[in-house]
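Contents: one structure, followed by commentary.
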Number of protein chains: 2
Amino acid sequence: MSIQTRRERERAEREKLIITAARELAEAEGWEAVTTRRLAERVEYSQPVLYSHFKGKGAIMAAVAVEGFAEMAEELRAARTTPPEGAAGGQGVNPAAGLAGVARAYTAFAERRPALYDAMFRQDVDLPFATPEAPAPLWAAFNELVEALRPYAGDDDLGLLVETFWAALHGLATLTRGGRLPRHEHDRRLALLLARFTT
Amino acid sequence: MSIQTRRERERAEREKLIITAARELAEAEGWEAVTTRRLAERVEYSQPVLYSHFKGKGAIMAAVAVEGFAEMAEELRAARTTPPEGAAGGQGVNPAAGLAGVARAYTAFAERRPALYDAMFRQDVDLPFATPEAPAPLWAAFNELVEALRPYAGDDDLGLLVETFWAALHGLATLTRGGRLPRHEHDRRLALLLARFTT
DNA sequence: ACACCAAATCTAGCACCGCTAGCGAATCTG
DNA sequence: CAGATTCGCTAGCGGTGCTAGATTTGGTGT
């Protein structure tokens, strides 16, 4: 039984290596630069090895995306529960500041890790979304938005409100990144959005 | 001078033919199915002819995108100035109904012409955006949103408000299309968004 | 210690991609 | 009708994602 487990462990390590390499390559040069050949060379195995771990390039991107959701969830959580600067206050944070922090953290994440964000939200990367089968990190990230928005739901359905707010953040992030919106007024747009969702 | 102009006319016709073929192919099978080989076969010319009209596949997509902006502008205008159903009222329309109509028309356009929408907003298709050099149809579409939102700007900068609202619509459209948001509650999300922007 | 066998891995290749050099045919000019 | 020029073609380059089949590796039983 020992040999079997050792092999499984080595396999898992190699899989992690592939995901990390794919992510680094994507973050450095974008997803179009992540080819199976370059990726194979980078992990020092031949191409077919990739296909013994993943169904194809899309599945590798999906794996990277899941990592991305986990990191985003962490960052959103930090933004929601940590006061922006010193500022007294125990664990509770001013709700408006919390939502603003989460919104800023979200768009900052998209700006700082564009390749990760692409894998998560832009590419067609068949992962289950918006169903119980969706990966846990995805729900973790979503739930941060839920908690940040809860104080402002009023009579509205909280889930729908979160989806709508999330869509707005996603729109701002992607349109800015695609050059459709000038970057230098991003903060003002964000403030405007927050004002409309914190009445 | 006649021969010259005839040649130019024929060239222009062929260019239009290429754009139309690209658009049809994309709408039928998605942009990944639009290859230079298939496109060339469809217009019954060889591949290199495409490159005598456009710098590359990206430029063809950009041309299709411009067509898309023109059509979207028309549809938004119609939605803004036409009462939804019979409903008395001359040329002026209830502002809230106008904005709701525009929002519905926007997301409906994205849903009905996904390939066109992709070329306009999702692909990296170097067109100038958010500058005076942007193609006129793009401004036309944007201006429909401006007019629809004008009554609700209040003290906010109208341009920024439009950009923010547009981002929200774009987010709803793309996340829904990508399977990130369940389609069946789209209307409720739209209503929720409208409520937040029409106070 | 060695031959065997199964599993893991690689080499080589398929069909396709965007794009282009350079040749041959068609068209206009004198 | 000869020459010049524009035009569109054939053929091919270096790349893509992915896979069939040979080959090496590593554990096993004698």
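Throughout, a chain's letter reflects where its sequence line sits, starting with A, and its residues are numbered from 1.
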Using the closest heavy atom to pick a nucleotide of DNA chain D for each, name whichever of B:E44 or A:R38 lands nearer the 5' end.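 The residue closer to the strand's 5' end, by nearest nucleotide, is B:E44.
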On DNA chain D, compare the nucleotides closest to A:K55 and B:P48; which residue's is nearer the 5' end?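 Whichever sits nearer the 5' end wins; that is B:P48.
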Ignoring backbone atoms, test whether B:Y51 places a side-chain nitrogen or oxygen under 4.0 Å from the OP1 or OP2 oxygen of C:dC19.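 B:Y51 to C:dC19 OP1/OP2: side-chain N or O found under 4.0 Å.
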Phosphate oxygens OP1/OP2 of D:dT16: is one of them under 4.0 Å from a side-chain N or O of A:T35?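 True: A:T35 side-chain N/O within range (under 4.0 Å) of D:dT16 OP1/OP2.
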*Among D:dG17, C:dA21, C:dG18, the one nearest A:T36 by side-chain distance*: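 Comparing D:dG17, C:dA21, C:dG18 against the side chain of A:T36, the answer is D:dG17.
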Tell me the interatomic distance from [X], atom [atom1], to [N], atom [atom2], rounded to whole angstroms.
{"X": "B:E10", "N": "C:dC28", "atom1": "CD", "atom2": "C1'", "result": "14 Å"}
{"X": "A:Q123", "N": "D:dG17", "atom1": "CD", "atom2": "P", "result": "12 Å"}
{"X": "B:E41", "N": "D:dT10", "atom1": "CD", "atom2": "P", "result": "12 Å"}
{"X": "B:R11", "N": "C:dT27", "atom1": "CZ", "atom2": "P", "result": "17 Å"}
{"X": "B:I60", "N": "C:dC17", "atom1": "CD1", "atom2": "P", "result": "14 Å"}
{"X": "A:L25", "N": "D:dT16", "atom1": "CG", "atom2": "P", "result": "11 Å"}
{"X": "B:L50", "N": "D:dG8", "atom1": "CG", "atom2": "P", "result": "12 Å"}
{"X": "A:E13", "N": "C:dA8", "atom1": "CD", "atom2": "P", "result": "16 Å"}

### Query
Between B:F142 and B:F129, does the ring centroid distance fall short of 6.0 Å?
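No: the rings miss the under 6.0 Å criterion.
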Is any side-chain heavy atom of B:L190 less than 4.5 Å from a side-chain heavy atom of B:L169?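 Yes - at least one pair of side-chain heavy atoms lies under 4.5 Å apart.
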When you compare the side chain of A:W31 with that of A:L25, does any pair of heavy atoms fall below 4.5 Å?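 Heavy-atom side-chain distance check fails, nothing below 4.5 Å.
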Q) What is the nucleic acid contact for B:R14, judged by heavy atoms within less than 4.0 Å: base, sugar-phosphate only, or nothing? A)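 Sugar-phosphate contact only - B:R14 comes under 4.0 Å of backbone atoms but never of a base.
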Q: Remember a base hit wins even if backbone is also touched, and classify B:S46 as base, sugar-phosphate or nothing at under 4.0 Å, heavy atoms.
A: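 Base, at least one base heavy atom under 4.0 Å.
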A:E111: which of A:R183, A:R177, A:R104 passes salt bridge (charged side-chain N to carboxylate O under 4.0 Å, His left out) =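 The salt bridge (charged side-chain N to carboxylate O under 4.0 Å, His left out) with A:E111 is passed solely by A:R183 among A:R183, A:R177, A:R104.
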Is any N or O donor-acceptor pair between the side chain of A:Q47 and the base of C:dC10 shorter than 3.5 Å?
->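 Between C:dC10 and A:Q47, which were checked side chain against base, a qualifying N/O pair under 3.5 Å is absent.
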**Donor-acceptor pair (no angle test) under 3.5 Å: A:R37 side chain, D:dG17 base** =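 When only heavy-atom distances are counted, A:R37 does reach the base of D:dG17 through a donor-acceptor pair under 3.5 Å.
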Verify the distance criterion only: is there a donor paired with an acceptor across the side chains of A:H170 and A:Y117 at less than 3.5 Å?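 Distance-only check passes for A:H170 and A:Y117.
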